[in-house]
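To start, the structure itself, in structure tokens.
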Amino acid sequence: MSGRKRVAVLISGRGSNMAALVKAAETPDFPAEIALVLSNRADAAGLAFAQEHGIETLVLSHKDYADRIAFDAALDAHLRIAGIEIICLAGFMRLLTPWLVERWRDRMINVHPSLLPSFKGLDTHARAIETGVRFHGCTVHFVRAEMDAGPIILQAAVPVQDDDTPDVLAARVLEQEHVIYPQGLGLLAAGRLAVEQERVFVDGATPLREVMIAPQV
Ligand code: GAR
């Protein structure tokens, strides 16, 4: 299919969200193709999956660059050479410079394992259990310079059960990440999203239904 947006998925490890995006992009009518999987770690397990699916991979180690600015400049150059139009961060555990984030404004999205703006950062599932929230979940959002912040595209909520461990809760949330991340990328690649005053609109309307996805468990 021609006219599909060229997407780079940036990973640092397991890559299960990347795999979900790859599988979605393999369906005939998906409006994006995964043209590149880039990792900042050579040992990222997800690289093998991408290669098995015939996707170009690239390792760009941050250790080879003097600072964040130099790393992000190299990253940006590689993405542009590859003709990338959309970036999906998928467990990419690097803070990006405001320069790079601005350069890709409203063309870079992320998935985070919490209902933002709650539980930014790491160990979200343990913190959700400790805090006693009844619902937890995941968020697909546009990336802004502040960590785990930016206009929200989609969220999925899951219940927190009394006997949940962080691992059990993480698995319940991850299942939903794999649902909403491809949906969010599909909306962006199809040109169906607009950001106005840092709120996301789908097809010109407030996306009430599309934001509130019931847990599919
Ligand atoms: C996912 O749970 C993702 O939401 C999280 O890292 C995990 C990566 O797993 N990302 C963040 O915490 C970003 N702030 P994966 O490599 O299997 O997709």
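Atoms within a ligand are numbered from 1 in the order they appear, just like the ligands themselves.
- R4 contributes a side-chain N or O that, together with a main-chain N or O of A32, makes up a donor-acceptor pair within less than 3.5 Å.
- Of all atoms in ligand 1, numbered sequentially from 1 with element shown, those under 4.0 Å from a heavy atom of S16 are 15 (P), 16 (O), 17 (O), 18 (O).
- Summary of contacts: the protein heavy atom closest to atom 11 (C) of ligand 1 is P113 CD, 3.6 Å.
- Residue T124 does not touch ligand 1, judged by heavy-atom distances below 4.0 Å.
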Could you walk me through whether C138 and L115 pass side-chain contact (heavy atoms from CB on, under 4.5 Å), step by step? CA-CA 5 Å; C138 49; L115 293 172; over 6 Å; no

For ring pair (Phe, Tyr, Trp, His ring centres under 6.0 Å), just list the numbers for H112 and H141, CA-CA rounded to whole Å, side-chain angles, deciding distance to a tenth of an Å, and then say yes or no. CA-CA 8 Å; H112 181 74; H141 64 96; 7.1 Å; no

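- Taking every heavy atom of G91 and a limit of under 4.0 angstrom, the matching atoms of ligand 1 come to 6 (O), 8 (C).
- In this structure the side chain of F142 reaches within 4.5 angstrom of the side chain of R144, judged on heavy atoms.
- Using a 4.5 Å heavy-atom threshold, the side chains of Q176 and V158 count as touching.
- Those atoms of ligand 1 with a heavy atom of D148 less than 4.0 angstrom away are 14 (N).
- Ranking the protein heavy atoms by distance from atom 1 (C) of ligand 1 puts E177 OE1, 3.2 Å first.
- The nearest heavy-atom contact from the protein to atom 16 (O) of ligand 1 is G15 N, 2.7 Å.
- Closest protein heavy atom to atom 10 (N) of ligand 1: V111 O, 3.7 Å.
- The residue among M93, R14, H112 with a heavy atom at the shortest distance from atom 14 (N) of ligand 1 is H112.
- Side-chain contact check for V22 versus I55: some heavy-atom pair is nearer than 4.5 Å.
- Taking the centre and axis of the six-membered ring of W104, the NZ or CZ atom of R80 falls inside the cone set by 45° and 6.0 Å.
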